[in-house]
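Throughout, protein chains are lettered first and strands after them, A, B, ... in sequence-line order, and every chain is numbered starting at 1. Reckoned from all heavy atoms, side chains included, excluding hydrogens, waters and symmetry mates.
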Protein chains: 2
Amino acid sequence: MTTPEAREQAVLEAVRKRRELVNDAIPEELPIRRPERLYEASRYLLDAGGKRLRPSVLLVTAEALTDVDPLTESYRSFEPLDDSSPIDILAAAISVEVIQSFTLIHDDIMDDDDLRRGVPAVHREYDVETAILAGDTLYSKAFEIMLDTGAETDRMVRALDVLANTCTQICEGQSLDVQFEERDRVTTDEYLEMVEQKTAVLYAASAALPAVLLGADDETVDALYGYGLDIGRGFQIHDDVLDLTVPSETLGKQRGSDLVENKQTLITVHAREQGVSVDSLVDTDDVDAVTEAEIDSAVAELEAAGSIEYARAKAHELVSQGKGRLDVLPENEARTLLETLAEYLVERGY
Amino acid sequence: MTTPEAREQAVLEAVRKRRELVNDAIPEELPIRRPERLYEASRYLLDAGGKRLRPSVLLVTAEALTDVDPLTESYRSFEPLDDSSPIDILAAAISVEVIQSFTLIHDDIMDDDDLRRGVPAVHREYDVETAILAGDTLYSKAFEIMLDTGAETDRMVRALDVLANTCTQICEGQSLDVQFEERDRVTTDEYLEMVEQKTAVLYAASAALPAVLLGADDETVDALYGYGLDIGRGFQIHDDVLDLTVPSETLGKQRGSDLVENKQTLITVHAREQGVSVDSLVDTDDVDAVTEAEIDSAVAELEAAGSIEYARAKAHELVSQGKGRLDVLPENEARTLLETLAEYLVERGY
C-alpha cells in the first residue's frame with residue numbers, strides 16, 4: 001500500500017465498516033424521546049451523515065492497543081488490557097462524535113452558516129433557540145454516554161476529565177478563531193495554537209480515551225494523545241486547503257467560505273507574510289454573494305505566493321510526526337491502519 | 001422563629017455568610033485566563049451577583065448530614081461520613097452555581113431578554129456568539145470543578161452522573177417551556193413537569209450531591225433529592241408570582257415579562273381553567289412596550305380569578321412536603337436551617 005489511492009481505499013473500507021456500527025449505535029444511545037422536537041433537533045446533524053473519522057480513530061486505537069485483529073471483537077463488550085470487566089468502547093466512540101456534533105451546531109450559529117454536510121444547519125432547519133438547546137443537550141448526553149462504557153471508576157473519572165478538558169479547550173479554540181477574524185495579523189504559532197484547541201484536541205481525546213478506558217499506562221496515553229494532536233492539526237490544515245480547492249457541490253457548502261468570512265487559516269497567515277493583500281482577495285463577506293470566478297482568482301494568487309503548498313507541506317509534516325508516536329503500540333494490523341488513517345487525513349480529496 | 005420576618009432574617013444571615021465564601025471561590029475556580037474575552041464573558045453574570053441559593057443549600061446540607069455546627073468546618077476540606085479523605089465541598093457548590101449561570105446565559109439568548117440581575121444579559125453586554133461560547137465554557141468547567149472535589153472515584157462517578165443528568169433535564173425543561181409558549185392549553189401536570197425539569201432538578205442536585213460526595217446511603221441521597229425537587233418547584237412557582245407582584249426595579253427586569261412573553265406559569269394555567277382570556281390580558285409581546293397600567297390591570301384580573309392565591313398555596317404545599325423529607329437527617333441546627341431555607345423560598349419578597 002504505497003500509493004495514496006491504495007491508502008485511501010484501505011481507509012475508506014475501514015471507516016465504512018466502523019461508520020455503519022457508529023450509525024447503528026447513535027439511535028440506541030440517543031433515542032428520540034420526549035420532548036421529541038428537542039431530540040429530533042439534537043439528532044438532525046448526526047443523522048445527516050459524516051465520515052465518523054474521530055470514532056473510527058477511537059475504535060481502531062482500541063484494537064491496536066489490545067493487539068486484536070480489526071473488527072473481530074465486539075465493540076460493545078471489549079476486553080481491556082487487564083482482567084477487569086469488558087468495556088463498551090462503542091459508547092466512548094459515540095460520546096466523541098456527539099461532542100463533535102454539538103460543537104458544529106453551535107459553531108454554525110456563531111458563523112451564521114446555512115449549510116452543513118449538504119443539509120441546512122440546525123438553526124436553519126429549526127431555529128436558533130432550538131439549535132442552542134440541541135447543542136446543550138448533546139453536551140450533557142456525551143457525558144452520560146461516556147458513563148455507559150462500564151469502565152472501572154478510576155478510569156471513568158479520568159475519561160470524564162479528558163472529556164471535560166477537551167470541551168473547554170474546544171471553546172477556547174473557537175473563541176480564538178472568532179477573535180482572529182477581527183485581527184489583521186496572526187502568527188503561525190497563534191494559528192497552530194488555535195487549531196490545536198479548536199480541532200486537534202478532539203482527535204487527541206479520540207486516541208487517548210481508549211487507552212484510558214482499557215487501562216494502558218501513562219506513557220501510552222500521552223503518546224496516543226500526542227498522535228491525535230498531530231493528526232488533528234494536520235486534518236484541520238488540510239481542511240483549510242480543501243475549502244479553497246474542492247468544488248462547492250462536493251464540500252456541501254460554498255467553496256472559499258473561509259476566505260469570504262475572513263477566517264484565519266495557515267494559508268492566509270502565510271500569504272500575508274509573503275505580502276499578499278489577503279483582505280482584498282474577495283470583496284464580499286457574504287457567502288451567498290461570492291462568485292466562483294472571484295474564488296478562482298483568489299486561489300490563483302494564494303498559489304502563486306506558495307501559500308497552499310506551504311499548508312500542504314505543514315499538514316504532511318504534522319502527520320509524519322504523529323505516526324512516529326505510535327511506536328508505543330504493538331505492531332499489528334490496527335496500528336498500520338492508524339498510520340494509514342493519519343496519511344488519509346492530509347491526502348483526502350474532501 | 002415563628003414569623004416569616006424572623007425566618008427571612010435567619011436565612012438572609014445564613015446565606016450572606018455562605019455567599020461571601022462562594023463569591024471568593026468563583027475567581028479561584030474560574031480565573032480569567034487566555035482567551036481573556038471568553039473568560040470575562042463567562043464570569044460576567046457570575047460576578048454580577050445573585051443570592052447563591054443553590055450553593056447555600058448544598059453547603060448547609062453537607063453540614064446537616066455530617067452533624068457539624070454551621071460554618072465551623074472548612075468547606076475546602078470537609079470531613080465525609082466515613083474515614084475517607086476530606087472533600088472540597090465548596091468546589092461542588094461552585095459547580096452547581098456555574099451550571100445555573102450557563103443556563104441563564106443561554107436562556108436569555110433564547111428568550112431575547114435584555115436584563116438579568118439588573119445588568120445587561122451577556123449577549124447584550126458582549127454578543128450572541130460570545131454568549132453561546134461563554135455558556136458552553138461554563139458547561140464543561142462545571143464538570144472540571146466537580147472533578148476538583150477530591151471525592152473517591154466511585155462517589156465522583158456518581159456525582160458526575162447526577163450533574164450530567166441534571167443538565168440534560170434542564171435542557172428538556174427549557175425545551176418544554178419554549179414549546180408551551182406556542183400552545184393554547186397546558187395542564188397543571190404538564191406545567192409541574194416542565195418546572196421540575198427546568199428548575200427543580202438543580203435544587204435536587206444541590207441537596208443530593210453533598211450526600212453522594214460525603215458517602216451517605218442511598219435512602220438519604222434519594223430523600224434529599226426529593227427535598228430539592230419539592231422546594232425547587234415551590235421556588236419557581238413563587239418566582240412566577242413575584243414576576244407579577246414585585247416592582248420592576250426590585251426584580252431587575254420588567255414586571256410581568258412572563259405574561260408579555262406568553263410564558264406558561266401555574267397562574268396562567270389556573271386562570272385559563274377559570275375561563276380567563278389570558279392571551280388578551282396584555283396586548284403587546286414586547287417587554288419594552290408594555291405599560292405598568294396594563295400589568296396592573298392584568299394582575300387584578302388574575303387575582304380576581306384566584307389564580308395568584310392558587311399558585312401561592314401550591315408553592316407552600318410543595319415546600320411543606322419537601323421539609324417532611326428531611327427526617328433522614330440528624331436533628332441539628334443545619335437541618336433546621338434547611339427547613340427555614342425551604343420556607344424562605346416561597347415567602348421571599350424578591
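Ion pairing between a basic and an acidic side chain is recognised when a charged N comes within 4.0 Å of a carboxylate O; Arg34(A) and Glu172(B) show no such pairing.
Note on Thr137(B), Leu38(B), Asp136(B): by heavy-atom pairs under 4.5 Å with chain A, the leading option is Asp136(B). Chain B forms more heavy-atom pairs under 4.5 Å with one residue of Asp112(A), Leu133(A), Leu147(A), Val157(A) than with any other, namely Leu133(A).
Relative orientation of the Phe143(A) and Phe143(B) rings is parallel, given thresholds of 30° and 60° on the angle between their planes.
Of the atoms belonging to Gln197(B), not a single heavy atom falls under 4.5 Å from chain A. Neither the backbone nor the side chain of Glu36(A) comes within contact range of chain B; no heavy atom of the residue lies under 4.5 Å from a heavy atom of that chain. Contacts of Glu152(A) with chain B are absent, with no heavy-atom separation under 4.5 Å from either backbone or side chain.
Note that the CG atom of Leu163(B) and the CD atom of Glu144(A) stand 10.5 Å from one another [nearest 0.5 Å]. Between the CD1 atom of Ile105(B) and the CD1 atom of Ile132(A) there is a distance of 11.5 Å, given to the nearest 0.5 Å. Leu176(B) contributes atom CG, which lies 12.5 Å from atom CZ of Arg37(A) (distance to the nearest 0.5 angstrom).
Under the 3.5 Å distance criterion, the side-chain polar atoms of Tyr139(B) are left unmatched by any main-chain donor or acceptor of Tyr139(A).
Residues Glu129(A) and Met110(B) approach most closely at CG-O, 3.4 Å, considering heavy atoms.
Screening Asn165(B), Thr166(B), Thr168(B) for a side chain to side chain donor-acceptor pair (under 3.5 Å) involving Ser140(A) leaves a single residue, Thr168(B).
By the 6.0 Å contact criterion, CG on Asp82(A) is enclosed, its count of non-hydrogen atoms from other residues, nucleotides or ligands being greater than 12.
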